[in-house]
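Here is the structure we will look at, set down as structure tokens.
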Amino acid sequence: MADEQQGLVLSFLRHGETELLTQGLVLRGRLDDPLTVQGEQQMHTAINTALPKQSWQAIISSPLSRCAKIAKQKSAQYGLPIVLMDELGEMDFGDWEGRFTAELFEQYPDDMALWWQSPTKFTPPNGESMADFAKRIDTALIKIKQFAQANHYDKLCIISHGGVIKYLYCKAQDLSLDEILKQPAELGEFHTFILQNNRLLLP
């Protein structure tokens, strides 16, 4: 692994389009809905384009199939070690899993408005709080660093979810978690972070 001054390069790829997403904006954090053909192609193109430049030494992925399917394929194609990490799964939306946001706004207008504007102040029924979600992703970062150090890696490809990437942008910029929904995380696109001296930074 590179020394602490140089840092560990983490290239986070959000999964591509899934079947539920073709029907509208839907909360499917822990639901394991499959990728569409277009979604698979988005991820293949992103990785095949980025890999020669990035020279990743391993792939780490959320275990959900919309991430793990392509992670396993690319691991085999390029001969890269792969680790599936539960902590990299998307936020658990509890009773709101699989529900369309338009439907939720109509049925629970006050709750949805509060959650959309200040997600630290409201948690979907039986869902994962923003504090617990942040703690889980912080644990993932610790495990990723330990994995990199044990194997002397300094560049990793990590396939995960929109909420995870949005949280990392907040963390890297010292933003309130109430700003999380304003952060970028397009389908099938890479977002790079540097883990240096136990701090997450933008390049």
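Fair warning: this is a prediction, and the values are worked out from it, not measured in the lab.
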*Will you find, in the side chains of T36 and E19, an N or O donor that is under 3.5 Å from an N or O acceptor?*
no
*Side-chain donor-acceptor pair under 3.5 Å between H44 and K74, yes or no?*
yes
*Does a side-chain N-to-carboxylate-O contact under 4.0 Å join K166 and E179?*
no
*Quick one: salt bridge (Lys or Arg N to Asp or Glu O under 4.0 Å) partners of R99, sequence neighbours excluded?*
E103
*Determine whether F193 and L202 make a side-chain contact, defined as any pair of heavy atoms from C-beta on separated by less than 4.5 Å.*
yes
*Can we say E128 and R30 salt-bridge, meaning some charged N sits less than 4.0 Å from an Asp/Glu carboxylate O?*
no
*Do T45 and Q41 have a side chain donor and acceptor closer than 3.5 Å?*
yes
_Set of salt bridge (Lys or Arg N to Asp or Glu O under 4.0 Å) partners for E90, sequence neighbours left out_ = none
*Thinking salt bridges, do R136 and D86 make one under a 4.0 Å N-O criterion?*
no
*Which heavy atom of D92 sits nearest a heavy atom of G94, and at what distance?*
OD1-N, 2.8 Å
_Just checking F190 against W56, ring centres under 6.0 Å apart?_
yes
*What pairs of residues pass the side chain to side chain donor-acceptor pair (under 3.5 Å) test when at least one of them lies in residues 114-125, not counting sequence neighbours?*
T120-D178
